[in-house]
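What follows is a set of notes on a single structure, which appears directly below.
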Amino acid sequence: MNAMNASVSEIESLRERGLLEKQFDDPVQQREAATLGMWVFLSTEIVFFGVLFASYAICRILYPQGFAAASRETDMLMGTIETAVLLTSSSLIALGVRAIKLEQRKTAVWLLAGTAALGTTFLVMHGFEYYREYTEQLIPGLNFARGGPYARAIELFFCLYYFITGFHSLHVLAGVCVIAGLALRVARGSFGSERFTTLELTALYWHLVDIVWIFVYPLLYLVGRSG
Amino acid sequence: MTATSPPSPPAHAREHEHKDPGAHITPVRHYLAVLATLLALLSLSAISALFSLGYWNTIVNLAISVIKTLLVMLFFMHETEARALTRTTSALGFIWLAILIGIMLTDFLARSLVPPPW
């Protein structure tokens, strides 16, 4: 039996086991189509957060000193640790996808659970930040109380801060739920070296959420820190 | 001995035989090296923010963010192994955003330079 025959019968077997939809020639083409579709969705996410960054750019150009003063009110240490937490979680989910490709199910379950745990850590830390800002009266529309020449600009900064970090946290929350669900499905044996596209696409989403934060961190936490 | 030769797979299927991006396994140490670089860059951006560099603070921090994004995309999101179509599509979201913000800032920043004639 030559290689070509093997591949044709293999493809028939994949179709019978429900691993290959009829519109695709082979699993590679199917996976690439799925990856492409995921990237189109991620592009819409990039533009979604991009709108918030665009508003930020305009406001910061208008009120440079106000934004520096406002950024100094944020918790830089928390922001830095949160960034490290998200970067680490990204590497864990990448290793998780690698493990499932190698059929190392147990490792994959732990790596995915670790990713979800780090995502939860991020959310809890953010919760503490929000609480501290509440006690320091920094939440616009709720209890904002800052005086001085930059009061309006600081209020504007914190509006953007809550929109950007709030939407980002919602994305993290969605990711944590999906990844925790996938960890359970991996534990039940739903995925393996032939069926891992769902994991790979979820990982892509998680990495994008990480990328958004990579830009949020310097723009919200690191302005006007010197001097 | 077969009487008829098996059907030849389509051209793109043959192309896949040589290169299956999904099946590629990257060594663990590569992921850890990327993570270490990302964390080093994070410390660099935090430390650089404490020095008074004027507008260079923003430029340095955004440059570091771009490098971190490229590392995540190339190695965690497996763009190094992806096909040209996937790579192009993944870049398009960022390019489109750059065009939108670029045009917006061109308008906004030029308003003070070129006052309207009315």
Side-chain angles (χ1 to χ4, degrees), chain A residues 2-5 7-8 25-29 31-32 35-36 39-40 42-47 49-51 53-54 57-58 60-61 76 79-80 83-84 87-88 90-91 93-95 97-98 101-102 193 196-197 200 203-204 207-208 210-211 214-215 217-219 221-227, chain B residues 2 5-10 12-13 16-17 19-26 28 31-32 34-35 38-39 42-43 45-46 48-53 57-58 60-62 64-66 68-69 72-73 75-78 82-83 85-86 89-90 92-94 96-98 100-101 104-105 108-109:
Chain A
N2 63 33
M4 217 165 268
N5 265 329
S7 97
V8 167
D25 289 323
D26 54 53
V28 179
Q29 192 191 36
R31 199 159 52 234
E32 281 172 356
T35 309
L36 197 62
W39 267 112
V40 172
L42 294 183
S43 301
T44 69
E45 291 279 40
I46 293 167
V47 178
F49 280 102
V51 173
F53 285 122
I58 295 282
R60 186 161 158 194
I61 290 165
M76 181 178 164
T80 310
T83 314
L87 291 173
T88 311
S90 252
S91 71
I93 199 168
L95 287 168
V97 174
R98 176 187 183 276
K101 283 185 195 171
L102 293 170
S193 59
F196 57 85
T197 308
E200 200 158 63
L204 284 182
H207 295 314
L208 191 91
D210 189 17
I211 287 174
I214 285 174
F215 284 94
Y217 169 66
L219 293 176
Y221 290 85
L222 296 184
V223 188
R225 288 288 173 187
S226 59
Chain B
T2 47
S5 62
S8 166
H12 57 83
H16 292 154
E17 278 169 23
K19 194 174 170 241
D20 178 357
H24 187 85
I25 301 292
T26 316
V28 174
Y31 288 110
L32 297 180
V34 173
L35 175 62
L38 286 170
L39 292 176
L42 168 64
S43 333
S45 60
S48 77
L50 300 175
F51 289 94
S52 193
L53 307 173
N57 275 122
T58 310
V60 166
N61 271 323
L62 285 179
I64 290 174
S65 293
V66 169
K68 276 154 99 181
T69 300
V72 170
M73 285 180 71
F75 300 105
F76 288 172
M77 297 171 110
H78 301 126
R83 293 176 69 205
L85 180 61
T86 313
T89 311
S90 63
L92 275 179
F94 291 99
W96 182 232
L97 181 63
L100 289 176
I101 291 187
M104 180 197 74
L105 288 179
F108 185 71
L109 294 173

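Quick note: numbers below take in every heavy atom, side chains included, and nothing from hydrogens, waters or symmetry partners. Per chain, numbering begins at 1; letters A, B, ... match sequence-line order.
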Spacing of [X] atom [atom1] and [Y] atom [atom2] [to the nearest 0.5 Å]:
X      : Y     : atom1 : atom2 : result
A:W39  : B:L92 : CH2   : CG    : 10.5 Å
A:L219 : B:S65 : CG    : OG    : 7.0 Å
A:S90  : B:F76 : OG    : CZ    : 6.0 Å

Against chain B, label [X] side chain, backbone, both or neither, depending on which of its atoms sit under 4.5 Å from a heavy atom there.
X      : result
A:I93  : neither
A:A203 : neither
A:L42  : side chain

Open item on the list: With a 3.5 Å distance limit and no angle check, can you tell me whether A:R98 reaches the backbone of B:I25 through a side-chain donor-acceptor pair?
Closed with: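 Judged by distance alone, no pair lies under 3.5 Å.
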Got [X] and [Y] here, is their nearest side-chain heavy-atom distance under 4.5 Å?
X      : Y      : answer
A:L87  : B:K68  : yes
A:S226 : B:N57  : yes
A:I61  : B:L105 : yes
B:F94  : A:I211 : yes

Quick one: what part of [X] sits under 4.5 Å from any heavy atom of chain A, side chain, backbone, both or neither?
X     : value
B:L38 : both
B:V28 : both
B:T26 : backbone
B:M77 : both

Open item on the list: side chain to side chain donor-acceptor pair (under 3.5 Å) for B:R83 and A:T35? Distances and angles first, verdict last.
Closed with: CA-CA 10 Å; B:R83 293 176 69 205; A:T35 309; over 6 Å; no
Task: Considering all heavy atoms, the nearest A:P218-B:N61 contact - done: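 For A:P218 versus B:N61, the nearest heavy atoms are CB-CB, 3.7 Å.
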Open item on the list: Please determine whether side-chain contact (heavy atoms from CB on, under 4.5 Å) holds for the pair A:F49 and B:L97, giving the CA-CA distance in whole Å, both sets of side-chain angles, and the decisive distance to 0.1 Å.
Closed with: CA-CA 10 Å; A:F49 280 102; B:L97 181 63; over 6 Å; no
